[in-house]
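Quick notes on the structure that follows.
In this chain, numbering begins with 1 at the start of the sequence shown. Atoms within each ligand, like the ligands themselves, are counted from 1 in listed order.
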Amino acid sequence: MKTSVLDNRAALAAAVNQVAEVAGYLWQKGWAERNGGNITINVTDLVDGAVRALPAISEKKAIGTTLPHLKGCYFYCKGTNRRMRDLARWPMDNGSIIRILDDCAHYEIIADNPVMPTSELPSHLCVHNYLIGKGSTYKATVHTHPIELVAMSHHKPFLEKDVLTNILWSMIPETKAFCPRGLGIVPYMLPGSVELAQATIDAIDDDYDVVMWEKHGVFAVGEDVMEAFDMIDTLTKSAIIYRDARSMGFVPDGMTQEQMKELSEVFHLPK
Ligand code: 2HA
Ligand code: ZN
């Protein structure tokens with residue numbers, strides 16, 4: 001049987017298997033049509049000396065920008081054009097582990113196969129660079145296309161700052177408790193563009209862990225890929241409750257501002 005860099009490396013294998021588990025959820029939820037969505041995780045703390053010593057199995061590739069905080073970092077990245085539903089079963093055939101080179105402007109693939117990383121790699125790496133730069137312990141970035149949240153982003157009034165956050169928080173207490181920074185909004189921009197990457201970083205810097213890309217999808221950051229997924233899932237649950245209330249013919253009351261304030265105080269939430 002073919003060996004994998006994950007063999008005998010429990011922590012690294014667990015992190016990559018968690019990506020595979022989440023990729024399966026994204027597909028099952030209908031958020032990952034064809035090759036939709038991307039996941040990258042910073043595995044630098046999980047690679048041992050033997051992995052660090054692995055030779056490159058690809059050419060040096062340009063990131064397209066210089067990211068000084070990523071020097072010597074390692075990432076597992078979904079492959080470009082690869083499907084989440086395939087990654088769920090075969091993560092090392094539909095993604096790869098890359099090493100950032102000392103110039104902070106190039107990377108090379110080191111395992112298991114020369115699967116080219118996602119077309120959104122520069123934007124994901126820019127976000128990781130930003131996170132490390134501010135001392136964050138977050139290791140995961142997830143981009144996906146949750147149906148109900150994307151639908152809500154087609155309505156201009158919802159895109160004013162924190163309008164959607166407040167509607168979603170007010171649908172069920174869990175949403176504020178488990179997505180306590182709310183949902184940042186980034187206006188429509190070309191997928192994969194530097195502008196979209198920068199606007200995403202600005203929204204994360206504005207203290208959001210989950211950001212809506214208008215008429216496209218969401219981008220979430222978290223300690224690990226499961227945490228990032230759970231926040232998107234929780235927000236989507238609220239969006240479905242809102243939609244279901246509307247489709248039953250009424251506008252849902254939502255919890256009151258006082259009730260949400262009480263929740264923040266009791267659970268020591270940041271907002
Ligand atoms: O890579 O979802 O936005 C697939 C995407 C890009
Ligand atoms: Zn997308």
Side-chain angles (χ1 to χ4, degrees), residues 16 19-42 58 61-65 67 75-98 107 109 113-130 140-154 158-159 164 183-204 208-222 225 228-229 231-233 235-236 239:
V16 173
V19 174
E21 183 180 344
V22 165
Y25 299 154
L26 300 182
W27 164 251
Q28 286 160 15
K29 285 185 164 288
W31 302 350
E33 70 292 340
R34 198 176 181 278
N35 64 324
N38 289 299
I39 300 178
T40 56
I41 51 168
N42 182 345
S58 73
K61 318 249 184 205
I63 299 170
T65 177
L67 300 170
F75 294 89
Y76 169 84
C77 314
K78 173 179 170 281
T80 188
N81 261 317
R82 301 301 171 122
R83 290 162 167 79
M84 288 292 180
R85 63 177 189 258
D86 294 335
L87 194 155
R89 289 175 295 170
W90 305 295
M92 294 307 289
D93 291 330
N94 292 281
S96 53
I97 294 179
I98 64 166
Y107 69 91
I109 303 173
N113 301 295
V115 174
M116 274 294 293
T118 159
S119 56
E120 300 265 12
L121 184 69
S123 61
H124 283 246
L125 291 184
C126 285
V127 171
H128 284 291
N129 183 65
Y130 161 81
T141 64
V142 175
H143 164 58
T144 188
H145 304 159
I147 301 164
E148 296 82 3
L149 288 174
V150 175
M152 290 181 95
S153 81
H154 284 260
F158 285 164
L159 302 178
L164 208 41
L183 181 61
I185 305 287
V186 168
Y188 181 84
M189 289 176 204
L190 187 69
S193 62
V194 180
E195 291 72 24
L196 180 56
Q198 189 53 53
T200 304
I201 290 170
D202 292 346
I204 295 169
Y208 295 100
D209 286 340
V210 189
V211 176
M212 165 78 82
W213 289 351
E214 180 187 348
K215 299 171 188 150
H216 178 168
V218 297
F219 189 101
V221 292
V225 73
F229 168 78
M231 286 187 289
I232 304 168
D233 190 33
L235 289 165
T236 301

Validation row: Asp233, Tyr25 side chains within 4.5 angstrom (heavy atoms): no
Any N or O of His143 closer than 3.5 Å to N or O of ligand 1: yes
Three-point angle His216:NE2, the Zn ion (ligand 2), His143:NE2, rounded to the nearest 10°: 100°
Test side chain to side chain contact (heavy atoms under 4.5 Å, CB included) applied to Lys78 and Leu87, Asp86, Val142, Val19, the passing residue: Leu87
Min side-chain heavy-atom separation Phe75-Pro117 under 4.5 Å: no
Taking atom 6 (C) of ligand 1 as the reference point, the nearest protein heavy atom with its distance: Glu120 OE2, 3.1 Å
Thr40 versus Thr141, side-chain donor and acceptor atoms under 3.5 Å: yes
Numbering as shown, the atoms of ligand 1 that approach His145 to under 4.0 Å (heavy-atom distance): 2 (O)
His216 side chain to His143 side chain, donor-acceptor N/O pair below 3.5 angstrom: yes
Closest non-hydrogen atom pair, Asn113 against Ile109: O-CG2, 3.6 Å
Closest protein heavy atom to atom 5 (C) of ligand 1, given as residue, atom name and distance to 0.1 Å: Gly37 N, 3.6 Å
For His216, the ligand 1 atoms whose distance to one of its heavy atoms is below 4.0 Å: 3 (O)
Which segment of Asn38 sits under 4.0 Å of ligand 1 when only heavy atoms are counted: side chain
